[in-house]
Every structure is written in structure tokens, then in C-alpha cells.
Amino acid sequence: MSYHVNEKGYYGNFGGAYIPEMLYPNVEELRDNYLKIMAEPAFQEEFQELLRDYVGRPSPLYFAKRLSEKYGANIYLKREDLNHTGAHKINNTVGQILLAQRLGKKRIIAETGAGQHGVATATVCALKGIECVVYMGAVDIERQAPNVARMKMMGATVIPATSGSQTLKDATNEALRDWINNPVDTHYIIGSVVGPHPYPDMVARFQAIISEETRKQLTEKIGKPNPDYVMACVGGGSNAIGMFYHFLDQEDVKLIAVEAAGKGVHTGESAATTALGKEGVLHGSRSIVMQTEDGQVIEPYSISAGLDYPGIGPQHAHLHTSARAKYVSITDEESLEAGLQLSRLEGIIPAIESSHALAYLEKMQFKGDETVVVCLSGRGDKDLATYMKYFGL
Ligand SMILES: *Cc1c(COP(=O)(O)O)cnc(C)c1O
């Protein structure tokens, strides 16, 4: 079985490019060029150099000794939280800005919910001196003032989306409208392994550095590249695909993807897409989507903004239905407890997204000497107010 994209842009039954006709030229240009450009030695050289000197890669693979003792396994943390801007998202935006430059684009647009992807995009636009426009729901702009300030500080224009619920989906609509109106000079940076083909594959390839490094680092540390388990949280699924990528064809490695159960899978306040969703089209690709009987997308909920998404990328839908990876979910409370635990055991405050992956350790049974790698997708600075409120600190 292949777990990678085929020539038509599909992973099994999932993927494709379900877009309005007016977007065909933009998406086709990208599809016809992304692999060619990414294979150019000059592209690779610049990408690798920026990952090293700007992002700070390779990110460490840290043996979490006290956490390991607690669970009776050898637990390693892939420290994406130590990247510039504090999460894995920068790997993708660095890759896409280099691609956009080579396509001759003069202007970048992006949509953002909590602002993390907006910040990662504004960062690389400042780095390259390229105009940056970020669409963000008016409600989100209110809620996420520090990230709005970061984007503005780096020179981005933040445009409020004032239609509908004034959140992420409305910002996405505005960004798409902009792209349709500016097909020649503008590149749209999508922030996860979602959207029409080739975005899911392109973003996966930029995030694949996570598992590429992990295999080298494990070889140095334990004398073999494969652990027993690899775990990551899933919103759209980009840190998880990056963490899984070079293990997909290593069938001895078990892959675990952790979704946000919110207040509980069956409470009506959840973002556990594989548990609750059905096949459907969302944001340009066929995948698994949380929807009503008549196909209306259900508003998701999670305490963690990065996991609060009603779908998953098409490659995840394929990994789920083929059972190559196991999809589980963790509630708000379980994730917050895991975040406090890591802070106290290891002196590392994780993003609440990453805490979801950590929380699943509690539900696993280890045979003793097993090796586990958890993707620590981001740092918890942005979440301190939420942690403090929950724990009354
Ligand atoms: C955005 C974000 C996520 C979720 O996005 P994926 O595409 O699923 O990786 C997870 N962790 C952090 C720290 C994030 O900022």
C-alpha cells in the first residue's frame, strides 16, 4: 500500500483539488512546478541554510529521563518548540516563501485562526522583504491580540474578516477571494497539510525534516533509526505528517495521532474528527470532515486553538482508513494535566496542542524497553494564561 500522494493528487480515496474554476490557474501553476523547484540544488541549499541558521535546526531529540521513568519506556521529545517563533509551522513557511520567490511572486497572503500561522508567515515575509497580507476573523483579532501585534511589528497587514462567525473559515474565504483577484503576483501560504493538491503534499515535504532528523538522531543515540512508537497531535495534521513521514513505510514503527476531544467526544464540544466525521470535501480536498446529516460543517471546539479544526488533511484520512496510523483523542483537561506534568518533570512548558500528544502516554501500556518519540510541536508561552486559569496558579 502507498501512503503517499499519486499523480492525480490522491491518497487512496482522499485528496484531489475541489476548487472553483477561477482558482485553477493558480493551483495548476503550483502543481506543475513545486516538485521541480524543490528538487533544484540551489533551492535545497537555501532551504537547508535557512533551516539551520534562521530556524535553528536540527531541533534536538531530547531523552526525557524523568518522564521515561514515570511511564516505563524510553521517551524522546522532538523539540520543535525550540524553533524560531516557537513551533513547527516555520518549517513550512520558510519552504513556501522560497518557492513563491522562484515562481516570481511579489505578494504573500495567508489566513490565520489563533494567529500562529499568521506569525510564521509574517516572519518569513519580513525575512525576504515581501509584502504580506494576513486575513483573520474579527473575533479572532480581538481574542489573539499578542499575535496580531507580532504580525504588525514585522510589517504584515492584518485584514479583519467581518462576515459569518468572523473566525477562521471566514478568513479563509477572504483569502481565497483575494487569490482569485490576484492570480499572477500572489502566493497563498496554507499552514497545514490541508487544501487542494498539491498543498498537502508540499507542506508534508517541508515538514518531513522532523522525521528525517529524528531517524539520524535515534541512530546516534540508540544505534537504530526506528523507535517502537511515534506520536503527535493533529489539528490539520502538519506536525504529525512531518513526524510520521520517513516512518510511513517502516511498518515496524507504530504511528499514533492524537486529536482534540475538547470537553469529550460526545459532548457536542469536540474536534475529534476521525471519531465524529464522515467523508466530505473541506477547503479544497476530499477528506474526513465533521458535518451534519445534510453536510453542514460542524463548528469544532478545543481549548487549544491549533487543534480546533473540523477536518484533517487527506493523507491523515488515508492513514486512518487504512489503519496505518492509530487516531485517538484527548480531552481539554487531560491535555492541561499533561502540560503541567511535563513542566514539573522536565522543566519544559509545552503548547497545549503538544500536551494532547503527551497526555496519550497515560493511556498506553509499555512492555518495558520500548522507545517512543513524541513530537513537541510548540512551546507553551502563548498558553500560560490558560494553564494558570485552569490550575489557579
Ligand atoms: C498549529 C499548531 C498545531 C496544529 O497544526 P498541525 O498542522 O496539526 O500540526 C500543533 N501544535 C502547535 C504548537 C501549533 O502551533
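Whatever order the structure lists ligands and atoms in, that order sets their numbers, starting from 1. Values in this document were obtained by computation on a predicted structure and should not be read as measured data.
- The closest protein non-hydrogen atom to atom 11 (N) of ligand 1 is S377 OG, 2.7 Å.
- For ligand 1, one of its N or O atoms has an N or O atom of N239 under 3.5 Å away.
- Among all protein heavy atoms, the one lying closest to atom 4 (C) of ligand 1 is G306 O, 3.3 Å.
- For ligand 1, the atoms sitting less than 4.0 Å from at least one non-hydrogen atom of H88 are 2 (C), 3 (C), 6 (P), 9 (O), 10 (C), 11 (N), 12 (C), 14 (C), numbered in the order shown with element in parentheses.
- Side-chain atoms of T292 come within 3.5 Å of backbone N or O of Q296 as a donor-acceptor pair.
- The residue from N147, T85, T121 that alone fulfils the side-chain hydrogen bond (donor to acceptor under 3.5 Å, both in side chains) condition with Q116 is N147.
- At under 3.5 Å, not a single nitrogen or oxygen of V193, backbone or side chain, sits near a nitrogen or oxygen of ligand 1.
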Check: What's the verdict on ring-ring contact (aromatic ring centres under 6.0 Å, His included) for Y54 and H84, showing C-alpha distance, side-chain angles and the deciding distance?
Finding: CA-CA 7 Å; Y54 188 71; H84 178 45; 4.9 Å; yes
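- Every atom of ligand 1 with a heavy atom of C233 under 4.0 Å away is listed here by number and element: 10 (C).
- Shown in contact with S192 at under 4.0 Å from a heavy atom are these atoms of ligand 1, numbered in order with element: 6 (P), 7 (O).
- Of the charged side-chain nitrogens involved, none lies within less than 4.0 Å of a carboxylate oxygen, so that K105 and E131 do not count as a salt-bridged pair.
- Each of the atoms 8 (O) of ligand 1 lies under 4.0 Å from some heavy atom of G235.
- Between the side chain of E370 and the backbone N or O of K367 there is at least one donor-acceptor pair closer than 3.5 Å.
- Residue, atom and distance of the protein heavy atom nearest to atom 6 (P) of ligand 1 are S238 N, 3.3 Å.
- Enclosure of atom NZ in K152 is not indicated, since only 12 or fewer non-hydrogen atoms of other residues, nucleotides or ligands lie within 6.0 angstrom.
- Annotation: atom 15 (O) of ligand 1 to nearest protein heavy atom, K89 NZ, 2.6 Å.
- When the shell of 6.0 Å around CG of D53 is examined, it contains more than 12 heavy atoms from other residues, nucleotides or ligands.
- Annotation: cation-pi pair K221/Y76 absent, no NZ/CZ under 6.0 Å from the ring centroid and within 45° of its normal.
- Atoms of ligand 1 found under 4.0 Å from any heavy atom of G378, numbered from 1 in the order shown, are 13 (C).
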